[in-house]
Undergrad: 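Next up is a structure, given as structure tokens.
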Amino acid sequence: MDTLKEGLFMPRVVTDADAAEMQKLLEICNTYENLHIRYSPRDVGTLSDLPDFLYYEQGQLVGRLMLDSFDPKEKELLGMVHPDYRRKGIFSTLLAAARETCAVHGVQRLVFVVERDSPSGQGFVASVGAQYDFSEYEMVLDTFHDRMTFDERLNYRKANDNDLDLLVSIMMDSFGDPEESVRPRVEWLLRDTHARLYVATFGEASLGCKEPVGCLRLDESKDGIGIYGFGVRPEYRGRGYGRQMLEETIRELRQHSQKQITLEVDTDNENAFGLYRSVGFTTRTTYDYYNLEIA
């Protein structure tokens with residue numbers, strides 16, 4: 001006789017049934033507080049380095065916590081608890097298990113990603129002493145404003161394995177991150193079946209050189225397409241190349257799909273925010289980031 005799941009489970013392999021339960025819980029939590037909780041689905045049947053943290057009551061999935069990041073020393077944390085089962089210590093149980101697991105794997109910091117309009121999420125990060133770091137707007141494409149202006153010297157294409165060093169160079173210059181964190185991230189993304197990397201170079205045909213300009217990444221799910229890691233090297237900013245890359249990306253996407261297109265931008269990055277608004281993106285929600293050091 002099968003027994004109902006009860007309490008904490010930490011699977012490293014997600015089944016079809018697990019994925020369906022996670023999606024149902026996400027929809028319930030989003031509807032309850034009118035949120036847009038980030039959700040990174042696990043590949044069914046694929047072994048993960050770190051487990052999902054799941055909590056059941058009488059066979060029903062009522063809590064979930066997952067860790068997601070390319071950085072082995074820092075993990076973004078996404079968590080949710082069914083509204084009918086809150087204030088019972090479920091998320092505290094999930095977090096305690098995650099902290100213990102992370103400590104064993106050498107993770108030094110957890111990053112909570114919390115919607116600003118989520119009273120439950122904001123209350124929890126305050127209760128555990130997490131420290132505020134920065135905020136991002138999530139923006140969604142409304143009416144696309146395509147100026148159709150471009151510089152023919154800019155070569156924009158999908159990246160491949162041979163572009164590893166090129167991508168690393170662009171990301172280091174664009175975001176100021178060190179090579180030891182950028183290189184493994186790019187190597188992982190080039191292998192990720194859900195991600196598509198694009199790279200822009202300048203002057204290949206006309207000047208006989210190949211100057212790195214910018215890059216971006218597309219992540220597609222059944223519900224939409226996200227634009228991430230969109231960076232332009234400082235010396236090429238302000239020339240319209242970022243807009244050219246963004247417009248070309250959207251035109252290509254719209255030829256094959258009508259899925260919702262989203263992106264995220266730091267709330268302090270006024271130039272990028274202005275660019276995205278001029279292209280047709282509108283703000284949907286704001287995510288606040290909080291850090292919690294693992295003792």
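Keep in mind that what you see is a predicted model, and the values were worked out from it rather than measured.
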Undergrad: Hydrophobic clusters here meaning ILVMFWY residues chained together by side-chain heavy-atom distances under 4.5 Å, can you tell me if V140 and L26 are in one?
TA: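 No.
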Undergrad: Report the distance from atom CZ of R99 to atom CG of L67, rounding to the nearest 0.5 Å.
TA: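 One gets 12.0 Å once the value is rounded to the nearest 0.5 Å.
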Undergrad: Is the CZ atom of R237 crowded by more than 12 outside heavy atoms at less than 6.0 Å?
TA: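 It does: R237 CZ has more than 12 such atoms within range.
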Undergrad: Under 3.5 Å, is there a donor-acceptor pair linking the side chains of Y156 and E252?
TA: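 Checked: Y156/E252 side chains show no N/O donor-acceptor pair below 3.5 Å.
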Undergrad: Looking at R12 and L50, would you say the former's side chain and the latter's main chain have a donor-acceptor pair under 3.5 Å?
TA: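 Pair absent, no side-chain N/O of R12 close to backbone of L50.
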Undergrad: Holding to ring pair (Phe, Tyr, Trp, His ring centres under 6.0 Å), I want the full list of residues that pass it with Y132, two or more places apart in sequence or in another chain.
TA: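 Ring pair (Phe, Tyr, Trp, His ring centres under 6.0 Å) list for Y132, sorted by chain: Y290.
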Undergrad: Step by step, work out the side-chain contact (heavy atoms from CB on, under 4.5 Å) result for L61 and M22.
TA: CA-CA 8 Å; L61 178 65; M22 292 173 186; 4.1 Å; yes
Undergrad: Starting from L166, can I reach V182 by hopping between I/L/V/M/F/W/Y residues whose side chains sit under 4.5 Å apart?
TA: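 Yes, same cluster.
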Undergrad: Going by the rule side chain to side chain donor-acceptor pair (under 3.5 Å), which residues pair with R254 if we only count those two or more places apart in sequence or in a different chain?
TA: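 Per chain and number, R254 pairs via side chain to side chain donor-acceptor pair (under 3.5 Å) with no residue.
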Undergrad: Do T249 and Y198 have side chains that get closer than 4.5 Å, going by heavy atoms?
TA: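 A side-chain contact under 4.5 Å is absent here.
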Undergrad: Sorted by first residue and then second, give each salt bridge (Lys or Arg N to Asp or Glu O under 4.0 Å) pair with at least one member in residues 111-133; sequence neighbours left out.
TA: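 Passing the test, one end in residues 111-133: R116-D288.
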Undergrad: Does atom CD (E152) have a neighbourhood of more than 12 heavy atoms from anything else shown, all under 6.0 Å?
TA: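 Counting other residues, nucleotides and ligands, CD of E152 stays at 12 neighbours or fewer.
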Undergrad: Judged by atom type as modelled, is there a donor-acceptor pair below 3.5 Å linking the side chain of H82 to the main-chain atoms of D84?
TA: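 Checking the backbone N and O of D84 against the side chain of H82, a donor-acceptor pair under 3.5 Å is found.
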Undergrad: Tell me which pairs pass ring-ring contact (aromatic ring centres under 6.0 Å, His included) where either residue lies in residues 217-238, with sequence neighbours left out.
TA: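 Found F202-Y236.
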Undergrad: Would you kindly say whether E248 and Q244 are connected by a side-chain donor-acceptor distance under 3.5 Å?
TA: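 No, no side-chain donor-acceptor pair sits under 3.5 Å.
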Undergrad: Mind checking the OG1-NE2 spacing from T286 to H36? Nearest 0.5 Å is all I need.
TA: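 The distance works out to 11.0 Å.
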Undergrad: Between D163 and K158, is the closest basic N to carboxylate O distance under 4.0 Å?
TA: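 Here K158 does not pair with D163 in a salt bridge, since their nearest N and O are not under 4.0 Å apart.
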Undergrad: Starting from V111, walk the hydrophobic network (Ile, Leu, Val, Met, Phe, Trp, Tyr; side-chain heavy atoms closer than 4.5 Å) and list everyone else you reach, by chain and number.
TA: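 Besides V111, the cluster holds V113, F134, Y287, Y289.
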Undergrad: Is L77 reachable from V128 through a run of I, L, V, M, F, W or Y residues, each pair having side-chain heavy atoms under 4.5 Å apart?
TA: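 Both belong to a single hydrophobic cluster.
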Undergrad: Compare all side-chain heavy atoms of M10 with those of T101 and state whether any distance is below 4.5 angstrom.
TA: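 M10 vs T101: side chains touch.
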Undergrad: Looking at D49, I want to see if its CG is surrounded by more than 12 non-hydrogen atoms of other residues, nucleotides or ligands under 6.0 Å.
TA: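 12 or below, so no.
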Undergrad: Can you tell me if S257 uses its side chain to pair, donor with acceptor, with the backbone of L253 under 3.5 Å?
TA: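 No, the answer is negative, given that no donor and acceptor are paired below the 3.5 Å cut-off.
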Undergrad: For F150, does the CZ atom sit with more than 12 other heavy atoms under 6.0 Å from it, leaving out its own atoms?
TA: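 Result for CZ/F150: open.
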Undergrad: How many angstroms lie between OG1 in T285 and CG in L35, if you round to the nearest 0.5 Å?
TA: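 It comes to 7.0 Å.
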Undergrad: Quick one: do D165 and R183 make a salt bridge, cutoff under 4.0 Å?
TA: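 Salt bridge flag = yes for R183 with D165.
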Undergrad: Could I get the full list of side chain to side chain donor-acceptor pair (under 3.5 Å) partners for Y32, not counting sequence neighbours?
TA: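 Partners of Y32 under the side chain to side chain donor-acceptor pair (under 3.5 Å) test: none.
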Undergrad: For a salt bridge (charged side-chain N to carboxylate O under 4.0 Å, His left out) check, start with the C-alpha distance between R185 and D177, then their side-chain angles and the critical distance, and finish with the verdict.
TA: CA-CA 11 Å; R185 182 190 316 167; D177 295 333; 3.6 Å; yes
Undergrad: Can you list every pair that meets ring-ring contact (aromatic ring centres under 6.0 Å, His included) and has a residue in residues 255-284, with sequence neighbours left out?
TA: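 Checked against ring-ring contact (aromatic ring centres under 6.0 Å, His included) - neighbours excluded - the pairs reaching residues 255-284 are Y137-F273.
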Undergrad: Below 4.5 Å, heavy atoms only, C-beta onward: do L154 and V213 meet side chain to side chain?
TA: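 Yes; the side chains approach each other to less than 4.5 Å.
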Undergrad: Just by distance, no angles: are the side chains of S278 and R243 close enough, under 3.5 Å, to form a donor-acceptor pair?
TA: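 Side-chain D/A pair, S278 to R243: present.
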Undergrad: Consider only side-chain N and O atoms of R284 and Q260, and report whether a donor and an acceptor are under 3.5 Å apart.
TA: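 There is such a pair (donor and acceptor under 3.5 Å, judged by atom type) between the side chains of R284 and Q260.
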Undergrad: Only counting residues at least two apart or in another chain, list the ones meeting ring pair (Phe, Tyr, Trp, His ring centres under 6.0 Å) with F175.
TA: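 Residues passing ring pair (Phe, Tyr, Trp, His ring centres under 6.0 Å) with F175: none at all.
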Undergrad: Run the side-chain contact (heavy atoms from CB on, under 4.5 Å) test against D142 and tell me which residues pass, sequence neighbours left out.
TA: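 Scan of D142 (side-chain contact (heavy atoms from CB on, under 4.5 Å), adjacent residues dropped) gives T282.
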Undergrad: Please list, chain by chain and in numerical order, all residues satisfying side-chain contact (heavy atoms from CB on, under 4.5 Å) with P119, sequence neighbours excluded.
TA: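 Partners of P119 under the side-chain contact (heavy atoms from CB on, under 4.5 Å) test: E33.
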Undergrad: Could you measure the distance from the OG atom of S118 to the CG atom of N30? Nearest 0.5 Å is fine.
TA: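 Nearest 0.5 Å value for the OG-CG distance: 9.5 Å.
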Undergrad: Checking side-chain contact (heavy atoms from CB on, under 4.5 Å) for the pair R217/I227: CA distance, chi angles, key distance, verdict?
TA: CA-CA 6 Å; R217 177 179 103 244; I227 298 175; over 6 Å; no
Undergrad: Please step through side-chain contact (heavy atoms from CB on, under 4.5 Å) for the pair S48 and V13, ending with a clear verdict.
TA: CA-CA 6 Å; S48 299; V13 177; over 6 Å; no
Undergrad: In Å and rounded to the nearest 0.5 Å, what is the CG to CD distance from L95 to E100?
TA: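 These two atoms lie 11.5 Å from each other.
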Undergrad: Distance from I90 atom CD1 to Y55 atom OH, nearest 0.5 Å?
TA: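 Answer for the CD1-OH pair, I90 versus Y55, is 5.5 Å.
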Undergrad: Using a 6.0 Å cut-off, check whether atom NZ of K259 has over 12 heavy atoms from anything other than its own residue.
TA: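 More than 12 heavy atoms, drawn from other residues, nucleotides or ligands, come within 6.0 Å of this atom.
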Undergrad: Kindly indicate whether the side chain of D52, heavy atoms from C-beta on, has any atom under 4.5 Å from the side chain of V14.
TA: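 Side-chain contact under 4.5 Å: yes.
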Undergrad: Do D192 side-chain atoms and L189 backbone N/O form a donor-acceptor pair below 3.5 Å?
TA: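 A pair under 3.5 Å: no.
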Undergrad: Given 3.5 Å as the limit, does a donor-acceptor pair link the side chain of T31 with the main chain of I28, or not?
TA: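 No, because the side chain of T31 does not come within donor-acceptor range (under 3.5 Å) of the backbone of I28.
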Undergrad: Are any of the side-chain nitrogens in D219 or R196 under 4.0 Å away from the carboxylate oxygens of its partner?
TA: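 Between R196 and D219 there is no salt bridge, as every charged N stays at least 4.0 Å from the carboxylate O atoms.
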Undergrad: What I want to find out is whether E247 reaches R251 closely enough, with some N-O distance under 4.0 Å, to be called a salt bridge.
TA: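 R251 and E247: salt-bridged.
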Undergrad: I'd like to check V186 versus L164 (side-chain heavy atoms, cut-off strictly below 4.5 Å). Are they in contact?
TA: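 Yes. Closest side-chain heavy atoms under 4.5 Å.
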Undergrad: Can L25 and V62 be said to form a side-chain contact (heavy atoms from CB on, under 4.5 Å), step by step?
TA: CA-CA 7 Å; L25 178 61; V62 297; 5.7 Å; no
Undergrad: Kindly write out the residues that satisfy salt bridge (charged side-chain N to carboxylate O under 4.0 Å, His left out) with R109, not counting sequence neighbours, or none if the list is empty.
TA: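 R109 satisfies salt bridge (charged side-chain N to carboxylate O under 4.0 Å, His left out) with E74, E293 only.
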Undergrad: So, T15 side chain and D18 main chain: donor-acceptor pair closer than 3.5 Å or not?
TA: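 Yes; judged by distance alone, with no hydrogens or angles, the pair exists.
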Undergrad: Quick check: does any side chain N or O of S174 sit under 3.5 Å from a backbone N or O of M171, one acting as donor and the other as acceptor?
TA: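 Checking the backbone N and O of M171 against the side chain of S174, no donor-acceptor pair under 3.5 Å is found.
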Undergrad: Sequence neighbours excluded, which residues qualify as side chain to side chain donor-acceptor pair (under 3.5 Å) partners of E57?
TA: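 E57 satisfies side chain to side chain donor-acceptor pair (under 3.5 Å) with no other residue.
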